[in-house]
Amino acid sequence: MKNVELMEKIEFYINRLGQVGLKDGIRWRCAYTKEDKAAKELFKSLIENEGLLASEDAVGNVYGKLKNSIDYTDVKKILVGSHIDTVRDGGAYDGAAGIIIGLLAVSETIKKFGAPKIPIEVIALTEEEGSRYAMSYVGSRAIVNGLMENELNSVDEDGISLKTAMLLAGYDPDNVMKAKRDDIHSYFEVHIEQGPVLEKTGNKIGIIERINGIFFIEVEIIGREDHAGTTPMNMRLDSLSAASKFMAKLPEVVAEISNSATATVGKIRVEPGSSNVVPKKTIFTIDFRDMDVDKLTRMNEAIQLELNQLKHQGFKVNCNLATSELPVDLNKELINLCEVVVKDLGLPYMRMNSGAGHDAQIFAERFPASLLFIPCKDGRSHSPVEFASNEDIAIAVEVMSGILKKLAW
Ligand code: HGY
Ligand code: MN
Ligand code: MN
């Protein structure tokens, strides 16, 4: 395919998908919503446009499979893709760039060299971000391990369970285990770096060796609702005041254990939420990450200890460790394979680690998994300003095509 044609396709596909889920300038595509459905229907049409067969599994992961007649029944499949959902007010490249790169790399390589010896499937995974449910990687975990009953019962901010949301979106929660697979040869993902390193160093490809561990706690601090005007300051059980003192201390709690860890309170809700009522309940999330599992464990203990001090002041404290993804080393053979291809193409590249979590770390639990980064402007992500150039995306298509060619033809 002439480069011009590829660039035009990249431009069109990124922009079309980027339009889906935009409301008053805010982009949010989360699982089992009409925005999610629209994105999946669009991506299926792009799959068909690239000459592949579009389908969905029992939890809403979208696949692009080979049309040809070769019987691949007993052959393990190569999966290449990323996720189709976004965070709230997210960008047009996180996840989206990876599914488009995967689709174009597969279709372009098949057009050039015919059917592969090892079947390849493009995949757009559902609900990687966990922006609706306090559970990330829903789609990839459904494939790798299956979804558990307690996970299906988790509820969103409106009290709608994952199970109900699936039903309302046309999926049967009783079928979720049908999404689980054993026939996977390997998983490849290209993703924007979501950090500044590649851009700053002038590298075009990041070959990921290790992915950060992520622990995610949901916290509920329960005090007592009171009248804001008549309750003396020293006679309150103000849950928001207690929460904010804890939050102010969180960086210090974490830094005592690891100087490379991150800790973020990204979501907070106050009940009853009236300006003249002392806040009874404060609910918030803590996302903390590190490359070292012992440090993650110690941070978890230190955070819970800090929160439990509030009980001595009369507060009730509930903590739920909703996610505990351990740091993961990616497959060394695939890292070396990617490195050979990138070197053959004469591209500036570097090996690096990922501070962000990715579906590749879920696949890596059971299958050889590989993750490549491309630069993104100013390293910004999880923001509408997120940007990756068509040129860098085209380079990733060429690299992924080279990797698939070496592996499967
Ligand atoms: O949070 C993350 O690291 C990823 O964007 N889900
Ligand atoms: Mn993300
Ligand atoms: Mn992502």
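Numbering of ligands and ligand atoms starts at 1, following listing order. Small disclaimer: the values here were computed from a predicted structure and weren't measured.
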**Metal check, the Mn ion (ligand 3) vs His191 N/O/S, cut-off below 2.8 Å** = yes
**Fill in**
the protein heavy atom lying closest to atom 4 (C) of ligand 1 turns out to be Gly357 O, 3.4 Å
**Prompt:** If you look at Glu129, which of its N/O/S atoms is nearest to the Mn ion (ligand 2)?
**Reply:** OE2
**Message:** What I'd like to find out is whether the side chain of Leu334 reaches to under 4.5 Å of the side chain of Ser186, using heavy atoms alone.
**Reply:** yes
**Fill in**
For Glu129, the ligand 1 atoms with a heavy-atom partner under 4.0 Å come out as 4 (C), 5 (O), 6 (N)
**Asked** Short list, please: which atoms of ligand 1 are under 4.0 Å from a heavy atom of Ala356?
**Response** 3 (O)
**Fill in**
Among Gln194, Glu128, His83, Arg289, the residue with a heavy atom nearest to atom 3 (O) of ligand 1 is Arg289
**Item:** Nearest protein heavy atom with distance in Å, relative to atom 5 (O) of ligand 1
**Value:** His382 NE2, 3.0 Å
**Item:** Partner of Lys37 by side-chain contact (heavy atoms from CB on, under 4.5 Å), out of Lys40, Glu35, Glu41
**Value:** Glu41
**Asked** Is it true that atom NZ of Lys377 has more than 12 heavy atoms of other residues, nucleotides or ligands lying nearer than 6.0 Å?
**Response** no
**Asked** From Glu128, does some N, O or S atom reach closer than 2.8 Å to the Mn ion (ligand 2)?
**Response** no
**Backbone N/O of Val59 and side chain of Tyr32: donor-acceptor pair under 3.5 Å** = yes
**Prompt:** Can you find a pair of side-chain heavy atoms, one from Arg141 and one from Glu127, that are under 4.5 Å apart?
**Reply:** no
**Prompt:** If you stand at the Mn ion (ligand 3) and look out to OD1 of Asp94 and NE2 of His83, what angle do those two lines make, to 10°?
**Reply:** 90°
**Side chain to side chain, Pro272 and Lys280, heavy atoms closer than 4.5 Å** = yes
**Ser239 (side chain) donor-acceptor with Thr282 (main chain) under 3.5 angstrom** = yes
